[in-house]
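What follows is a single structure, written as structure tokens, with notes after it.
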Number of protein chains: 2
Amino acid sequence: MYDIFHKYLEEKITLTSEESERIRSFAILKKLRKRQYLLQEGDVWQYHAFITKGCVRTYSVDDKGNEHVIGFASENWWTGDRESLLSGNPSRFNIDALEDSEIILFTNANFELLCSEIPAFNNLINTILQRSFVVAQNRIEAALSYTAEEKYLNFVNKYPGFATRIPQSMIASYLGMTPETLSRIRSQITRK
Amino acid sequence: MYDIFHKYLEEKITLTSEESERIRSFAILKKLRKRQYLLQEGDVWQYHAFITKGCVRTYSVDDKGNEHVIGFASENWWTGDRESLLSGNPSRFNIDALEDSEIILFTNANFELLCSEIPAFNNLINTILQRSFVVAQNRIEAALSYTAEEKYLNFVNKYPGFATRIPQSMIASYLGMTPETLSRIRSQITRK
DNA sequence: CTTTTCTCTTGATCCAGATCAAGAACTTTC
DNA sequence: GAAAGTTCTTGATCTGGATCAAGAGAAAAG
């Protein structure tokens with residue numbers, strides 16, 4: 001289970017075996033069955049989480065009880081709630097498993113230690129953060145300017161794996177439309 | 001003009017006078033008159049830009065010629081196109097001045113040098129990036145789940161200064177609605 | 001296997017916000 | 001300070017996607 005993370009690191013950066021061992025020593029392995037929570041609204045998030053197997057979603061619940069899917073994450077992606085981590089406030093989000101999943105956790109304190117001790121690791125994390133920001137900005141642009149169909153095509157194009165793996169209702173929520181609309185768009189596309 | 005940036009740094013972090021001088025030595029001062037461009041679509045963005053006076057907007061133009069405002073930035077904020085900076089590809093965005101503005105530029109090379117030389121500076125920049133990501137994520141949530149009125153109230157609440165300073169049509173674009181809708185929402189709110 | 005419970009599809013209707021239009025109120029410019 | 005742009009407001013109409021509803025498939029549970 002840790003192997004996958006090790007491989008991920010090896011692909012991205014070069015580490016001495018001491019550094020590599022140091023990272024491993026902080027890793028907390030966690031398994032989640034489908035529908036189990038990694039984070040529940042109201043709890044403070046204090047980790048950095050890497051997914052080695054499975055798939056999770058981050059969502060919020062509004063006053064009227066509607067769920068809004070903020071994001072998905074699967075193998076070789078990071079997840080968590082940076083807002084709660086940064087502020088120390090209880091999270092507004094939930095993260096739960098869409099499939100049986102395996103996750104590696106680092107406490108924030110250990111993670112920061114790794115960042116300060118291992119420059120290559122720090123760079124990797126920083127690059128990921130920068131990319132995440134760019135992705136978020138592009139999603140804002142899409143949400144503001146695309147039609148429902150364009151949003152879906154853009155999603156399929158960017159994340160081909162997710163379109164079949166994740167329940168449609170959650171994809172609809174992620175894209176800011178109803179499941180009915182997404183269903184119609186899909187059948188319309190295949191008819192073309 | 002540089003004083004404002006110096007003050008900003010002093011407020012956020014502690015620097016030796018050598019470090020402070022080192023930062024200053026890399027600063028490129030730039031003035032923009034209203035409507036002038038800091039970045040034009042198709043150019044590669046290679047800087048980090050800090051605004052000491054005035055206000056700019058980042059926007060894209062779609063196939064149909066519609067402008068989509070991605071963001072605003074004014075005094076004591078950073079701006080730029082991280083996507084182009086990271087990838088080295090020509091930018092899809094434009095950044096222009098909404099008022100006569102004064103901006104401090106650092107080339108990316110110099111900026112990275114400062115980050116590696118001055119840990120406190122690096123931390124500051126990293127914190128800003130993390131916050132930017134959180135802000136972007138919250139904006140995604142708002143775009144997906146709020147009504148037009150809620151989006152506007154949320155905007156006014158978060159950025160009280162901007163609501164009066166920036167032309168309504170641009171705020172409307174930023175919020176993903178037409179200027180007519182925003183006008184109606186505004187008059188409806190004041191009537192309450 | 002069979003029942004129960006989700007998830008997806010399809011149809012009918014509705015509505016928030018878009019579009020079109022045209023006048024009013026500001027800003028620039030000369 | 002008059003003329004020419006802009007930007008903002010207000011009204012009438014339209015429409016993409018939401019909502020409501022009710023079966024059809026799939027998947028999970030017994």
Side-chain angles (χ1 to χ4, degrees), chain A residues 32-36 54-55 57 59 62-69 72 96-101 142-156 162-192, chain B residues 32-36 54-55 57 59 62-69 72 96-100 141-156 162-192:
Chain A
L32 281 186
R33 310 206 105 255
K34 189 172 173 175
R35 273 169 237 275
Q36 278 187 322
C55 185
R57 92 212 222 248
Y59 67 97
D62 69 20
D63 313 330
K64 293 150 222 143
N66 302 311
E67 291 181 2
H68 301 284
V69 175
F72 301 111
D96 66 0
L98 302 182
E99 306 168 359
D100 294 351
S101 301
L144 296 181
S145 31
Y146 292 5
T147 63
E149 182 174 359
E150 287 167 342
K151 283 180 200 175
Y152 178 66
L153 290 173
N154 180 53
F155 175 78
V156 173
F162 282 171
T164 49
R165 187 174 183 181
I166 294 173
Q168 246 181 79
S169 59
M170 290 180 193
I171 296 177
S173 170
Y174 178 86
L175 296 175
M177 64 186 74
T178 60
E180 292 95 329
T181 295
L182 181 53
S183 173
R184 279 182 249 263
I185 284 169
R186 273 187 157 175
S187 70
Q188 194 184 307
I189 287 168
T190 48
R191 245 180 286 123
K192 278 180 189 169
Chain B
L32 282 185
R33 313 206 102 256
K34 189 172 174 174
R35 272 166 235 276
Q36 277 188 322
C55 185
R57 91 210 223 249
Y59 66 97
D62 69 21
D63 314 331
K64 293 150 223 144
N66 302 312
E67 292 182 1
H68 301 285
V69 175
F72 301 112
D96 67 359
L98 302 182
E99 306 167 0
D100 294 351
E141 200 189 358
L144 296 182
S145 32
Y146 291 6
T147 63
E149 182 173 358
E150 287 167 342
K151 284 180 198 173
Y152 177 66
L153 290 174
N154 180 52
F155 175 78
V156 172
F162 282 171
T164 49
R165 188 173 182 180
I166 295 173
Q168 248 181 77
S169 59
M170 293 179 188
I171 296 176
S173 170
Y174 177 86
L175 296 175
M177 64 186 74
T178 59
E180 292 94 326
T181 295
L182 181 53
S183 174
R184 279 182 250 263
I185 284 168
R186 273 188 157 175
S187 71
Q188 193 184 310
I189 288 168
T190 49
R191 245 181 287 121
K192 279 180 186 168

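Just so we're clear, the structure is a prediction, and the values are computed from it rather than from any experiment. Naming: A, B, ... by sequence-line order, numbering from 1 per chain.
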Taking the side chain of [X] as heavy atoms from C-beta outward, which of [options] is closest to it?
X	options	result
B/A148	C/dT10, C/dG17, D/dG17	C/dG17
B/E180	D/dT10, C/dC8, D/dG17	D/dT10
B/S187	D/dC8, D/dT10, C/dT9	D/dT10

Starting at [atom1] of [X] and ending at [atom2] of [N], how long is that distance when rounded to a whole Å?
X	N	atom1	atom2	value
A/R165	D/dA26	CZ	P	21 Å
B/E67	D/dT6	CD	C1'	14 Å
B/I189	D/dC8	CD1	C1'	16 Å
B/Q188	D/dG11	CD	P	13 Å
B/Q168	C/dA25	CD	C1'	13 Å
B/E150	C/dA16	CD	P	12 Å
A/I185	D/dA18	CD1	P	8 Å
B/L182	C/dT19	CG	P	15 Å

Decide whether a cation-pi geometry holds between A/R165 and A/F162; the criteria are a distance under 6.0 Å from NZ or CZ to the six-membered ring centre and an angle within 45° of the ring axis.
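Verdict for A/F162: no cation-pi partner in A/R165.
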Would the distance check show the side chain of A/S101 and the main-chain N or O of A/E99 forming a donor-acceptor pair, the cut-off being under 3.5 Å?
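Such a contact is found between A/S101 side chain and A/E99 backbone.
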Verify, without hydrogens or angle tests, whether A/S173 (side chain) and A/S169 (backbone) share a donor-acceptor contact under 3.5 angstrom.
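No; judged by distance alone, with no hydrogens or angles, the pair does not exist.
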Any side-chain N or O of B/T178 less than 4.0 Å from the OP1 or OP2 oxygen of C/dA18?
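True: B/T178 side-chain N/O within range (under 4.0 Å) of C/dA18 OP1/OP2.
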Any side-chain heavy-atom pair from A/Y152 and A/I189 closer than 4.5 angstrom?
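When only atoms from C-beta onward are counted, A/I189 and A/Y152 do touch, with a gap below 4.5 Å.
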I'd like to know if B/R57 pairs up with B/E67 as an ion pair, taking the criterion as any Lys NZ or Arg NE/NH1/NH2 lying under 4.0 Å from an Asp or Glu carboxylate oxygen.
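Judged by the 4.0 Å cut-off on N to carboxylate O distance, B/R57 and B/E67 do form a salt bridge.
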Tell whether A/R184 reaches the base of D/dG16 with its side chain through a donor-acceptor pair below 3.5 angstrom.
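There is none.
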What does B/S169 touch in the nucleic acid at a heavy-atom separation under 4.0 angstrom: a base, only the sugar-phosphate, or nothing?
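Sugar-phosphate, no base atom in range.
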Assign each of A/M177 and B/T181 to its nearest nucleotide of DNA chain D by heavy atoms, then name whichever residue's nucleotide is nearer the 5' end.
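Result: B/T181.
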Could you say whether A/T147 or B/I166 is positioned toward the 5' end of DNA chain D, judged by the nucleotide with the nearest heavy atom to each?
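In this pair, the answer is B/I166.
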Distances for protein N/O vs nucleotides 26-30 of chain C N/O pairs under 3.5 angstrom?
| residue | atom | partner | partner atom | Å |
| --- | --- | --- | --- | --- |
| C/dT28 | OP1 | B/K34 | NZ | 3.1 |

Would you say B/T190 and B/S187 are linked by a side-chain donor-acceptor pair, where the criterion is simply a distance under 3.5 Å?
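Not at all, the side chains of B/S187 and B/T190 share no donor-acceptor pair under 3.5 Å.
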Contacts of A/R33 that satisfy side chain to side chain contact (heavy atoms under 4.5 Å, CB included) - sequence neighbours left out:
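Side chain to side chain contact (heavy atoms under 4.5 Å, CB included) check on A/R33 returns A/Q36, A/D100.
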